[in-house]
Protein chains: 2
Amino acid sequence: MNLHSLRYFYDASFYPSLTEASHHLHISQPALTKHIKNLEEDYGVKLYEKNGRHITLTSIGNELIKECHILFQQADKIECFLNQKSTHYPLKVGLTQLNSEEFIKNILINDSFDSIKIELTTGNTKKIAQLLVNELIDVAILPESDSFAHFEKEKLFSDELIFLSHPDYCENHLSKSQLSDYQFIKREAGSFIQEILNNWKQPNVTFSNQVATHAEALLLCEYKNGLYLCSSIQAKSLIDSGKFQQVVIENSPKITRDFYLYFNKQQEIKYFKRYIKQISHEFQKTI
Amino acid sequence: MNLHSLRYFYDASFYPSLTEASHHLHISQPALTKHIKNLEEDYGVKLYEKNGRHITLTSIGNELIKECHILFQQADKIECFLNQKSTHYPLKVGLTQLNSEEFIKNILINDSFDSIKIELTTGNTKKIAQLLVNELIDVAILPESDSFAHFEKEKLFSDELIFLSHPDYCENHLSKSQLSDYQFIKREAGSFIQEILNNWKQPNVTFSNQVATHAEALLLCEYKNGLYLCSSIQAKSLIDSGKFQQVVIENSPKITRDFYLYFNKQQEIKYFKRYIKQISHEFQKTI
DNA sequence: CAATATTACGTTCTACGTAACGATT
DNA sequence: AATCGTTACGTAGAACGTAATATTG
């Protein structure tokens, strides 16, 4: 039977609509529909039924999902087994020391992501670029950068910078004139975040004492020492926990960074493609 | 992961060589090799190792097979489930009343072959052809026939006619001059088998009393009443059991019939192709 | 109009078969 | 020489994406 289509059917079932599922599964939505239609036509069963402009699983569809759960749990176990036995070299990944470093590390060095072995190297953009050229690392993960224009790239995620505060520190919407009432947490000189704030050039912005890491900045923010400009991805769980709120500031610069996975085009190793796909997939799952 | 390649790897593991496996799996042997190489390269594992001009599973390969057993048992269960829920019509199969009728029925109506529903109709060649034209049956299974030249066809198996006897009835190799010492079992007039014997035109051949069915003929043969010209496919298990032997007769006509599955070309139903494939597969498995 | 699913169609790439080659007995 | 497995290469078809087309709220 067509286990390829069945896998898409199974994976899609976790999302409320095929459209949303298709985004997460990195496939166009017509292609996803096709997989499901394939199964339905091959076996003469109805897996989904129309429900307004949505579709919902039929009882047969639900039964099938249950069986698929057993099936693909075993398939994943097998993949894990093979990765454990793999003689492939670990993938050498380069990162820059930036705001999102810990975040990316957390995704790559993760219990649920044990499917490929990874070796991390950090450095500034120039160093990482050099390592990549000399093939001392296999890939680099960093925001879009001119230094990497001549490498192959695969987009991993978009990261927007947003302001965080303790929920009691200020309103969740501030006008320009209100800015003087609050402090902004100052990151280390030269850091991307700090550069953005410096370039903002708002006359009435005052800064807290300088901190060196994201963790320190968060601590200050939690104790109502100021507003903190932070990666939206890192902010997500913080906001969800209720300990922090997003603060929208009138006319503040909207900064979005697209993070890419860069690598040499001539990378001809067969399994390289699978590595790229799995990393990309892991990021999509997490974000 | 690539479950398509994994399935071929698993299915192939039941055969002593990839060459033999490829025949049974209806795939060329380079293609089968490719599937296994794919897995090996994707995951950086060695599944087979060279062993003279053969290859044998490595310990990792063997472990993988064990895990695959669980996986594909579940996959087969799911396929079975879907077939049970199927709203597809049963496949209407036409057969002629010929020597191999029971044999074909046994394959199609079989506990292990519950994957598709089947409805059998029997008749003479003309009737079956007419039913097929009028789409009262979906497919016909019978030896190559001019009446069916304008239908689409898919070869199922080759059937050769061979002589059987009780092991004590005669030698397993007879010269022309020895024929007069033995009887030949006579099937019903007009039957394919009997036509062959009639056309043989050996002056010194004598016949037993006429029988009407394969079963009757076998009984006579078992009780040493004569030699029986029989489908090699039906004969296989009889010879293996030791109750019968094959007798090679000098200059006897070698009659081979290719059995085909005939159907209308305009058969556009999506699942039809899968049915054809499964029937074809079932025949290959059995023979 | 916005959000969803479906249909149509052209393109890319995988899976496959054929044929030639290599290795072992 | 026969029997496997492997490599090379061209081709058919599947899988996919884009774009256009329903359908519902």
Side-chain angles (χ1 to χ4, degrees), chain A residues 1-42 46-58 61 152 154-155 265 268 270-274 276-277 280-281, chain B residues 1-42 46-58 61 152 154-155 268 270-274 276-277 280-281 284:
Chain A
M1 71 175 303
N2 186 343
L3 294 175
H4 188 204
S5 288
L6 194 67
R7 179 83 209 207
Y8 272 115
F9 164 72
Y10 174 68
D11 286 343
S13 71
F14 294 103
Y15 301 95
S17 76
L18 292 186
T19 306
E20 195 170 334
S22 69
H23 295 149
H24 286 89
L25 302 177
H26 300 298
I27 187 178
S28 74
Q29 166 241 44
L32 183 56
T33 300
K34 191 77 198 307
H35 280 298
I36 292 163
K37 288 275 160 209
N38 279 349
L39 290 173
E40 291 190 331
E41 284 176 7
D42 279 1
K46 204 117 192 63
L47 298 174
Y48 276 99
E49 54 198 352
K50 293 209 166 186
N51 198 332
R53 65 179 166 196
H54 277 76
I55 54 175
T56 46
L57 282 166
T58 60
E152 283 288 294
E154 160 116 4
K155 188 176 166 186
K265 187 164 190 172
E268 285 290 328
K270 288 265 179 139
Y271 58 85
F272 192 79
K273 203 173 154 190
R274 187 169 67 88
I276 303 291
K277 200 172 171 183
S280 172
H281 184 242
Chain B
M1 71 176 304
N2 187 345
L3 295 175
H4 188 204
S5 289
L6 194 66
R7 179 83 210 207
Y8 273 115
F9 164 71
Y10 174 67
D11 287 343
S13 70
F14 294 102
Y15 301 95
S17 77
L18 291 186
T19 307
E20 194 170 335
S22 69
H23 295 150
H24 285 90
L25 301 177
H26 301 296
I27 188 178
S28 74
Q29 169 239 46
L32 183 57
T33 300
K34 192 77 198 307
H35 280 298
I36 291 163
K37 289 273 161 213
N38 278 349
L39 290 172
E40 289 190 334
E41 284 176 6
D42 278 1
K46 205 114 193 65
L47 298 175
Y48 277 98
E49 54 197 354
K50 292 209 169 189
N51 199 331
R53 66 180 165 196
H54 277 75
I55 53 175
T56 46
L57 281 167
T58 61
E152 283 289 293
E154 160 114 5
K155 187 176 167 184
E268 285 290 330
K270 288 263 178 139
Y271 57 87
F272 192 78
K273 203 173 152 190
R274 187 169 66 89
I276 302 292
K277 199 171 173 183
S280 171
H281 184 244
Q284 291 294 335

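For clarity, every value in this text was computed on a predicted model and none was experimentally measured. Letters A, B, ... are given to chains in the order of the sequence lines, protein chains preceding strands, and every chain is numbered from 1.
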*Per-nucleotide protein contact string for nucleotides 16-24 of chain C (B base, S sugar-phosphate only, - none; heavy atom under 4.0 Å)*: SBBB----B

*Of all the nucleotides listed (dT4(C), dT6(C), dT6(D)), which has the minimum atom distance to the side chain of H54(A)?*
dT4(C)

Where does the angle between the aromatic ring planes of [X] and [Y] fall among parallel (under 30°), tilted (30 to 60°) and perpendicular (over 60°)?
X	Y	result
H24(B)	Y15(B)	parallel
H4(A)	H35(A)	perpendicular
Y10(B)	F14(B)	perpendicular

Tell me: [atom1] of [X] to [atom2] of [N], nearest whole Å?
X	N	atom1	atom2	answer
E20(A)	dA5(C)	CD	C1'	15 Å
Y48(A)	dT23(D)	OH	P	21 Å
Y15(B)	dG5(D)	OH	P	14 Å
N38(B)	dG5(D)	CG	P	17 Å
E49(A)	dT24(D)	CD	C1'	16 Å
F9(A)	dA5(C)	CZ	P	14 Å
I36(A)	dT7(C)	CD1	P	13 Å
L6(B)	dA15(C)	CG	P	13 Å

When rounded to the nearest 0.5 angstrom, what is the spacing between [atom1] in [X] and [atom2] in [Y]?
X	Y	atom1	atom2	answer
L18(B)	F9(B)	CG	CZ	10.0 Å
L6(B)	N38(B)	CG	CG	11.5 Å
L57(B)	E49(B)	CG	CD	9.0 Å

*For DNA chain D, whose closest nucleotide is more 5', that of S5(A) or that of P16(B)?*
P16(B)

*Is the distance from OP1 or OP2 of dC4(D) to the nearest side-chain N or O of S17(B) less than 4.0 Å?*
no

*Contact under 4.0 Å: T19(A) side-chain N or O vs dA5(C) OP1/OP2*: yes

_Distance-minimising heavy-atom pair for S28(A) and S22(A)_ =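 Of all heavy-atom pairs spanning S28(A) and S22(A), the closest is C-CB, 3.9 Å.
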
*Mind listing the closest non-hydrogen atom pair of L32(B) and A21(B) along with its distance?*
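Minimum heavy-atom contact is CD2-CB, 3.9 Å.
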
_If the condition is side-chain contact (heavy atoms from CB on, under 4.5 Å), which residues does K46(B) pass it with, not counting sequence neighbours?_
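Scan of K46(B) (side-chain contact (heavy atoms from CB on, under 4.5 Å), adjacent residues dropped) gives E40(B), T58(B).
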
*Work out how much the helix from dC1(C)-dG25(D) to dT25(C)-dA1(D) bends between its end axes, five pairs an end, to the nearest 10 degrees.*
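Rounded value for the end-axis angle: 20°.
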
